[in-house]
Amino acid sequence: MLLRLAWRNIWRQKRRTILTASAIALTLFLSLVMRAFQEGQYTHNILNSAKMGTGVVQLQNPEYKENNSIDELLPASDEFISDIRQVDAIDYLLPRIDSFILAASDQRSKGVMLSGINPSLEDTYSNLSERIIKGEYWSEDATGVIVGEGVAQYLGLTVGDDIVFYGQGHHGQMAAGLFEIKGIVHYPIKEMNNQQVYLSLIDAQKLFSAGNQVTSWVIGLSDLSKLPFVIQQLSDAYPEGVSIRDWRDLSPELEQSIVLDRVGGLVMMYLLYIVVGFALFATLLMMTLERLREFSVMLATGMARAQLLRLIVIESSMIGLLGIAVGVLTASPLLLYFFHQPIRLAGEMAQAMLDMGYEPVMPVSLDPALFQEQIVIVAAITMICLVYPMWRVMRLDAVSGLKGGFHAH
């Protein structure tokens with residue numbers, strides 16, 4: 001009965017109902033589109049940044065985070081990772097040895113970050129071979145080293161020259177070796193270009209006397225939404241003795257930049273909701289004030305005050321749900337289209353992204369949490385806007401209300 005009465009009441013003033021619902025729908029549409037593109041770009045950046053270095057998750061010795069020492073290693077055996085190979089959400093599992101070491105030529109020397117990698121696995125994950133600007137990418141069994149362009153320029157070396165490494169190996173042993181440069185790799189990030197050096201994992205283990213051990217197991221994901229599940233699976237597989245670090249811990253500067261950008265987007269979204277909130281409040285207030293005589297008649301004829309309040313809530317909820325439905329139904333096809341056909345950038349911006357190894361696109365996120373968040377916000381705004389009209393009805397005196405006007409206090 002109340003539902004039918006509420007539905008009839010909201011369409012007594014069709015223009016007002018349509019305008020209010022349209023305002024809610026437009027705000028929801030804009031916020032959904034903005035947040036979907038924003039979160040899609042964040043995910044895109046995180047996954048691309050992970051491919052360039054850290055991965056999405058890393059397994060490390062608990063002490064390695066504090067000192068980055070070559071002494072803090074994990075087993076590289078199949079037994080150690082047998083459990084996590086069964087986790088379907090994990091798309092890439094890469095063993096690495098990362099350590100600082102001194103690199104030298106005949107005339108110069110400098111500290112570099114040497115990464116011992118599995119050539120085939122690493123290329124599958126990060127497409128490292130596509131960054132080679134001179135020379136060639138080595139096969140898994142080949143020896144030799146690939147150096148960053150900045151390192152080669154500083155040391156005055158090129159493909160075919162020998163480079164010397166000297167440093168400390170596992171448990172204080174000497175790490176020294178002479179390797180031929182097989183290729184030169186270019187990174188758009190200056191720091192990586194000026195310090196990154198790659199060696200095959202087998203050669204790196206021999207150089208550092210690490211045996212069948214690594215400094216980290218790098219885990220790559222294609223779907224970032226599965227990260228919490230993967231973390232839980234890893235925690236169950238390694239309850240102690242292994243540090244599980246996700247991209248936030250590995251790249252705090254990336255997380256900070258995303259947080260700052262997200263705050264800006266949220267501020268704009270909440271400004272939109274404040275505007276529509278005032279419009280909704282005005283509508284609900286007018287619906288209440290102009291119907292005080294009607295409410296008084298209902299009370300005088302025996303309608304319980306609780307039922308009257310319930311009727312107002314139902315009417316307001318119907319307007320809110322109507323706006324939500326229109327907003328979601330309007331935004332969903334658009335977002336679905338751009339999810340499968342993302343906007344491709346062109347010009348200087350596209351070239352800059354290509355140089356960094358990123359695909360020049362503007363991806364969209366279809367995370368259900370985005371839709372749930374916006375719906376909850378609209379529902380909360382509706383409830384907040386109802387507080388004052390309901391308070392007025394609670395204080396309404398039926399006799400005074402029948403007189404109308406300002407006597408209905």
When you compare the side chain of [Y] with that of [X], does any pair of heavy atoms fall below 4.5 Å?
X	Y	result
Leu201	Arg96	no
Leu59	Ile244	yes
Ser365	Tyr42	no
Thr17	Arg12	no
Gln38	Asp261	yes

Parallel, tilted or perpendicular: which one describes the rings of Trp11 and Trp7, with boundaries at 30° and 60°?
perpendicular
Any chance you could measure [X], atom [atom1], to [Y], atom [atom2], to the nearest 0.5 Å?
X	Y	atom1	atom2	value
Glu255	Asp249	CD	CG	9.0 Å
Ile24	Leu321	CD1	CG	9.0 Å
Gln168	Ser99	CD	OG	8.5 Å
Asn68	Gln60	CG	CD	7.5 Å
Ser22	Leu19	OG	CG	6.0 Å

Between Asp91 (side chain) and Ser222 (backbone), is there a donor-acceptor pair under 3.5 Å?
yes
Whether over 12 other heavy atoms sit under 6.0 Å from [X] [atom1]:
X	atom1	value
Gln107	CD	no
Met174	CE	no
Asn67	CG	yes
Gln307	CD	yes

Qualifying residue for side-chain contact (heavy atoms from CB on, under 4.5 Å) with Val56, from Ile219, Ile90, Leu221:
Leu221
From the options Asp203, Leu114, Leu102, Leu178, select the one residue that forms a side-chain contact (heavy atoms from CB on, under 4.5 Å) with Phe165.
Leu114
Salt-bridge present (Arg262, Glu39; N to O < 4.0 Å):
yes
Minimum heavy-atom distance Phe80-Pro75, with the two atoms named
CD2-O, 3.5 Å
